[in-house]
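Below is one structure; the comments refer to it alone.
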Amino acid sequence: MSREEVLIEIKSIQKVGDQEENVDVIARGFHTAENGEHFLEYDEFDNETDDKTENTIRFSESKAEVVRKGNMTGNLTFEKGEKNETIYSTPFGDLNMDIITNDIQIDEKDKQINLKIVYELFAQNEKVSDHTINVSIKK
């Protein structure tokens, strides 16, 4: 297991009804892989307040887990075909959410790994939004 510095590009698409919002993040971080599991660590900074959020993404072919600590705190678990509960803490309060994961894909090439997660977000048994997260890890 070797820890290497990587460039991480995250493209997140959120659809609420007909409205679509895109969020792009580019960061330097660290990647390790062992026994088919990948670990990604990086820091994200708020453009307006410069607050730091520490992020860890752990993923394999069937499961991904995103842990965020800082201004936005949460532990999101994505398991293909499963429903998972989470509490997402924001500066505006805690949100109790359910995540239904429709798909997880990993594409590994020589100097790049791509992770795609497609999921639906629910609050109080009502669908809130559809999400697609594309994570590109460049060695």
Side-chain angles (χ1 to χ4, degrees):
M1 175 167 78
S2 65
R3 186 173 192 240
E4 61 187 336
E5 188 171 342
V6 293
L7 179 65
I8 304 160
E9 294 182 40
I10 301 171
K11 296 183 183 294
S12 178
I13 302 166
Q14 174 181 317
K15 289 178 81 173
V16 180
D18 293 339
Q19 301 287 326
E20 186 172 293
E21 181 181 345
N22 298 334
V23 176
D24 296 340
V25 174
I26 298 175
R28 287 229 167 258
F30 294 95
H31 171 259
T32 54
E34 183 177 20
N35 299 326
E37 275 195 314
H38 296 268
F39 300 88
L40 203 54
E41 300 168 280
Y42 66 97
D43 294 334
E44 191 175 333
F45 295 89
D46 186 293
N47 290 338
E48 295 173 14
T49 64
D50 210 33
D51 288 336
K52 180 174 87 167
T53 301
E54 297 174 2
N55 297 281
T56 303
I57 302 175
R58 177 181 174 181
F59 62 96
S60 63
E61 288 290 334
S62 61
K63 184 176 181 179
E65 188 174 21
V66 177
V67 178
R68 296 174 56 93
K69 295 178 183 172
N71 196 28
M72 305 284 274
T73 300
N75 187 337
L76 300 105
T77 302
F78 305 95
E79 293 179 274
K80 194 172 180 176
E82 298 291 327
K83 177 180 174 180
N84 289 289
E85 295 178 20
T86 189
I87 297 174
Y88 204 72
S89 298
T90 73
F92 309 106
D94 291 347
L95 303 170
N96 294 316
M97 310 295 276
D98 291 321
I99 299 167
I100 296 178
T101 306
N102 297 319
D103 197 15
I104 296 176
Q105 297 174 15
I106 299 174
D107 181 28
E108 294 187 55
K109 296 180 179 148
D110 187 35
K111 298 268 186 202
Q112 184 169 328
I113 301 168
N114 295 312
L115 167 67
K116 181 178 182 178
I117 304 170
V118 180
Y119 66 99
E120 299 170 59
L121 201 57
F122 290 80
Q124 299 173 348
N125 293 321
E126 296 279 329
K127 185 174 177 179
V128 175
S129 53
D130 293 298
H131 294 258
T132 302
I133 299 173
N134 292 294
V135 180
S136 175
I137 305 156
K138 296 177 183 172
K139 301 177 183 181

CA sep, side-chain torsions, deciding dist, call: H38, L40, side chain to side chain contact (heavy atoms under 4.5 Å, CB included): CA-CA 7 Å; H38 296 268; L40 203 54; over 6 Å; no
Sub-4.5 Å side-chain heavy-atom contact between N84 and E79: yes
Worked verdict on D107 versus Q105 for side-chain hydrogen bond (donor to acceptor under 3.5 Å, both in side chains): CA-CA 7 Å; D107 181 28; Q105 297 174 15; over 6 Å; no
The single option from E41, E54, E44 passing salt bridge (charged side-chain N to carboxylate O under 4.0 Å, His left out) against R68: E44
Same cluster (ILVMFWY, side-chain, under 4.5 Å), V67 and F78: no
Name the atoms and distances for all side-chain donor-acceptor pairs under 3.5 Å in residues 15-25, with sequence neighbours left out.
none

Close side-chain approach of V135 and F59, heavy atoms under 4.5 Å: no
OG1 on T53 to CG on D46, rounded to 0.5 Å: 7.5 Å
For F45, side-chain contact (heavy atoms from CB on, under 4.5 Å) partners two or more places apart: D43, D50, K52
Test item: side-chain donor near acceptor, N114 and Q112, under 3.5 Å: yes
Side chain proximity check, Y42 to V6, heavy atoms < 4.5 angstrom: no
Side chain to side chain contact (heavy atoms under 4.5 Å, CB included) assessment of K116 paired with D103: CA-CA 8 Å; K116 181 178 182 178; D103 197 15; 5.7 Å; no
Same cluster (ILVMFWY, side-chain, under 4.5 Å), V118 and L76: no
Interatomic spacing from CD1 in I87 to OG1 in T73 - rounded to 0.5 Å: 12.0 Å
Audit row: E82, T101, side chain to side chain contact (heavy atoms under 4.5 Å, CB included) steps and yes/no: CA-CA 6 Å; E82 298 291 327; T101 306; over 6 Å; no
Heavy-atom side-chain contact between I57 and L115 under 4.5 Å: yes
Shortest non-hydrogen contact from I104 toward K80: CD1-N, 4.1 Å
Over 12 foreign heavy atoms within 6.0 Å of NZ, K139: yes
Close side-chain approach of T77 and I99, heavy atoms under 4.5 Å: no
Modelled atom types, side-chain donor and acceptor of E85 and N96, under 3.5 Å: no
